[in-house]
Each structure stands twice: as C-alpha cells, then as structure tokens.
Amino acid sequence: MTDLERVAEVSERLLHEVGRAIVGKREALELVLLGLLADGHVLLEDFPGLAKTLIARSFAQVTRLTFTRIQFTPDLLPSDVTGSSIYNQRSGDFEFRPGPIFTNLLLGDEINRAPPKTQSALLEAMQERQVTVEGETHALERPFLVVATQNPIEYEGTYPLPEAQLDRFLLRARVGYPERDDEWRVLEQRLERAQDEIELEPVVDRETLLELQRAVERVHVAESIGYYIVDLVAATRSTPRVQVGASPRGGLALLKLSRCRAAVHGRDFVTPEDVKAVAVPALAHRLILKPELWVQRISADDVVRETLDAVPTPPAEDLALAQDRSARDT
C-alpha cells in the first residue's frame, strides 16, 4: 500500500467513525477532514444545535489529538487564551504558564462573541504556529489546528471577525439541518445507548496524522490545473459584485484542499472536479461584497459559484497528459 493509498483508507475509517456521532453529514465531515489533512484551520458557521462543537470534539477523539475548548465571551482576555507570566515566590522570578492555546486541536466556540483584541490573540498562532508573550516566543506543537464556530444569525453582543482573521481560516463549512431519516437515526441512536455522550474509537494518533499530511504533498498538480486555480481566484477580484476579492492565500487554500480531496478519493493527481468541490468553502469567506448585494440577497457563495461557471475548465487532453505524468512519477 502506497502512502497515498493509505491516506484514502485511513480517511474512510475516520469519516466512518466520526459518522457514528454526526449522522448524515458526510460532505461537511469530509470538509473538516480535508482541513486537518491540509494542516489548516476550519470555521464552522451554522445555526445553534447542529453539532458544530461535537464535530470538533469527535475529530479530536478519533485522531488522539490533545483537545482544548475555549468558550469565547465578551469578557475573555487575550491572556486567557495565550497564557501569561506569573510571579513565582519560591524562585523570586516570573514564569510562563501556558494557556489553552497550547494544544493540538483548539475549539474556539462562538468565536465572534469575544472582542477584537481577544480574537487577535489567535492571529499569530494560526499563521505562524507560535505565541509571543512579553517578548518571549513559544512554539506550538504540531499539528496545531483551530476549529472555530459562530452563529450566522445572532448579531447582538457579537463582534464580526476581522478580514485578516477570516483569511487565516483555510475553509468555512456549514453543517445544515439533517434529512428526516437521518434525524430519526439521531433519536434512535440516543435511545439505544441510553446516555447523551457517545464514545468514539481512536483511528490514528498524532504522528500518523502528521504522516498523512506529508503524504498529501505527493499529489500531482498539472500546470493547467494550477492556472485554473489562478484564474478562479483572479475572477473573484474582477467581478463587479465584490469590493475585495480573494488574495493569493485563497489560491493556496484552494490548491491544498484540492490535493487533499484527490488523496481522500484515492487519486494521486488533482482534477477540476476537486477544485470545484472545495472552491466555495475555500474562497467565499475571503470575499467582501458590495453593500447593495445584501439587499438583493446575493451571498459570497453565489459569487464563487458564478465564478466557477464563468472560468473555462481545463481541456480533457491536458488532464490525460497530467495523469500519465503522475503515473510515471510513481
């Protein structure tokens, strides 16, 4: 079994195990898994009660990652996230006491309820995987992944995430309400286990997850696919519907997620379908729309979908050549 075949096999086991707790939401779970494999941060945005917190906790259980949950509130201070220096009377000196950010998987619950000063405490950690307190820099153990949640309809007492922080999330995913049969399965499983909590079995450990992340780097990306990604990102900047389009970081996010999706689906090369499948989660939260579009009820998701329709897909013959080259390389 090759490294990439192992990625597909382990990914299927991870999704199956997490699916025991999150019923009928394979697409959303796969997006979160792609974020983990791409070593990126995930923003879960949806209505209350749709298992956003449970998703983060479930992935921590099946990957054996150290897990910390921070409930963001208006009175939360930056030091409550990063930690602070405390005076030690025995040694007569200050010593650093790490905060909850020193973990592998950090759940920032209702992240938009904290003021911007506290939200900014995450910026350095999310980008550089380190925390600087009082001039001293502390490295975070790999992997360091943030899964943040926010409610898209409740605005009282919230602070919208600044664009700089939104841009640091690799993707934004929505869970959505379950189908009728799936919702009954949720109730049925609760009756069977006779308790609220569900225990999930570990599938991989931290080291194995790091190996899977490294294996994804072997997925081939044809030049035509690369230019397709570049053209998609550029199209978000030229459309008259937006004030600010996606940055080059958005293109990198699209590239990383496309490679991870190809690996999860058992391929060692990226196709246009991979790019299209992750374009909305990777790009939509990076766009700043013109104000009048709110009145017309046009969302950033709609703009990205329009972009996908407008940008030509790479020719099939280019993809065939890319597939042949990938096969020769392996």
Side-chain angles (χ1 to χ4, degrees), residues 6-46 48-72 81 98-111 125-126 129 140-150 169-171 173-176 178 182-183 185-216 260 263-264:
R6 189 183 182 207
V7 172
E9 187 266 334
V10 172
S11 296
E12 182 59 36
R13 288 164 51 201
L14 285 167
L15 291 173
H16 178 269
E17 187 63 21
V18 176
R20 292 178 51 224
I22 315 296
V23 178
K25 290 299 172 184
R26 170 81 181 210
E27 184 177 349
L29 295 181
E30 183 174 307
L31 282 174
V32 177
L33 176 61
L34 296 183
L36 299 184
L37 292 176
D39 194 27
H41 311 296
V42 178
L43 177 62
L44 295 176
E45 183 180 270
D46 220 320
L50 294 182
K52 300 186 295 295
T53 302
L54 181 59
I55 288 175
R57 193 167 68 243
S58 297
F59 272 103
Q61 288 180 10
V62 299
T63 54
R64 289 182 181 170
L65 296 178
T66 57
F67 175 73
T68 304
R69 176 180 180 272
I70 303 177
Q71 180 65 52
F72 280 75
V81 176
I101 201 171
F102 287 84
T103 187
N104 292 137
L105 182 58
L106 174 67
L107 171 62
D109 215 359
E110 296 185 290
I111 189 172
M126 292 175 68
R129 264 64 174 190
L140 297 170
E141 184 184 55
R142 294 272 185 165
F144 172 72
L145 306 163
V146 175
V147 177
T149 71
Q150 68 175 1
F169 283 101
L170 187 70
L171 67 94
R174 294 186 173 92
V175 183
D182 292 332
E183 193 160 6
R185 283 178 57 200
V186 173
L187 303 181
E188 187 178 38
Q189 290 180 4
R190 172 60 180 83
L191 292 172
E192 290 175 354
R193 65 177 181 266
Q195 61 181 9
D196 288 333
E197 296 298 322
I198 179 171
E199 291 295 327
L200 300 179
E201 295 296 327
V203 176
V204 297
D205 56 16
R206 186 182 72 88
E207 290 300 326
T208 303
L209 179 60
L210 291 173
E211 291 175 4
L212 297 179
Q213 290 179 347
R214 290 191 289 268
V216 170
C260 290
V264 167

Exercise. Show the numbers, then the answer: is there a side-chain contact (heavy atoms from CB on, under 4.5 Å) between Ile198 and Arg193?
Key: CA-CA 8 Å; Ile198 179 171; Arg193 65 177 181 266; 4.0 Å; yes

Quiz item: So, Asp109 side chain and Gln71 main chain: donor-acceptor pair closer than 3.5 Å or not?
Solution: no

Quiz prompt | Close side-chain approach of Leu36 and Leu212, heavy atoms under 4.5 Å | solution = no

Quiz item: So do the side chains of Phe169 and Met126 get within less than 4.5 Å of each other, counting heavy atoms only?
Solution: yes

Quiz item: Measuring from Leu37:CG to Leu14:CG, what's the distance to the nearest 0.5 Å?
Solution: 8.0 Å

Self-check item: Non-hydrogen side-chain atoms of Leu140 and Phe102 separated by less than 4.5 Å
Solution: yes

Exercise. List the atom of Leu105, the atom of Ala56, and the distance in Å for their closest heavy-atom pair.
Key: CD2-O, 3.4 Å

Practice problem: Please round to the nearest 0.5 Å and tell me the distance separating atom CG of Leu15 and atom CD1 of Ile22. | Solution: 12.0 Å

Practice problem: Could you pull out the closest heavy-atom pair between Ala38 and Leu170, with the gap in Å? | Solution: CB-CD2, 3.5 Å

Self-check item: By salt bridge (charged side-chain N to carboxylate O under 4.0 Å, His left out) - contacts of Glu27 (at least two apart)
Solution: none

Exercise. Answer yes or no: is there a side-chain heavy-atom contact under 4.5 Å between Leu210 and Arg206?
Key: yes

Quiz prompt | Heavy-atom pair with the smallest gap, counting every atom of Leu209 and Pro143 | solution = CD2-CG, 4.1 Å

Quiz item: Tell me, do Arg64 and Val204 make a side-chain contact under 4.5 Å, heavy atoms counted?
Solution: no

Self-check item: Arg26 side-chain N/O to His16 backbone N/O, donor-acceptor pair under 3.5 Å
Solution: no

Quiz item: Does a side-chain heavy-atom distance below 4.5 Å link Leu106 with Ile101?
Solution: yes

Quiz item: In Å and rounded to the nearest 0.5 Å, what is the CG to CG distance from Leu145 to Leu65?
Solution: 7.0 Å

Exercise. Could you tell me whether Arg6 and Glu9 have a side-chain N and a carboxylate O separated by less than 4.0 Å?
Key: no

Practice problem: Step by step, work out the side-chain contact (heavy atoms from CB on, under 4.5 Å) result for Ile70 and Val81. | Solution: CA-CA 8 Å; Ile70 303 177; Val81 176; 4.0 Å; yes

Quiz item: Quick one: does Thr66's side chain have a donor or acceptor within less than 3.5 Å of a partner on Thr103's backbone?
Solution: no

Quiz item: Given Val18 and Ile55, is the side-chain contact (heavy atoms from CB on, under 4.5 Å) satisfied, shown in steps?
Solution: CA-CA 8 Å; Val18 176; Ile55 288 175; 5.7 Å; no

Practice problem: May I ask you to decide whether Arg13 forms a salt bridge with Glu201, counting only side-chain N to carboxylate O separations under 4.0 Å? | Solution: no

Exercise. Mind checking the CG-CG spacing from Leu200 to Leu54? Nearest 0.5 Å is all I need.
Key: 7.5 Å

Quiz item: Is the closest basic N to carboxylate O distance between Lys25 and Asp182 below 4.0 Å?
Solution: no

Quiz item: Is Thr149 reaching over with its side chain to a backbone N or O of Glu110, donor-acceptor style, under 3.5 angstrom?
Solution: yes

Exercise. Taking Arg129 for its side chain and Phe144 for its backbone only, find out whether a donor-acceptor pair lies under 3.5 Å.
Key: yes

Self-check item: Pairing of Asp46 and Lys52 as salt bridge, 4.0 angstrom limit
Solution: no

Quiz item: Are the side chain of Glu12 and the backbone N or O of Val264 linked by a donor-acceptor pair below 3.5 Å?
Solution: no

Exercise. Please say whether more than 12 non-hydrogen atoms of neighbouring residues, nucleotides or ligands are located less than 6.0 Å from CD in Glu197.
Key: no

Practice problem: Rounded to the nearest 0.5 Å, what's the gap from CD1 on Ile111 to CZ on Phe72? Could you check? | Solution: 4.5 Å

Practice problem: Drop me the distance from Leu29's CG to Phe59's CZ, to the nearest 0.5 angstrom. | Solution: 5.0 Å

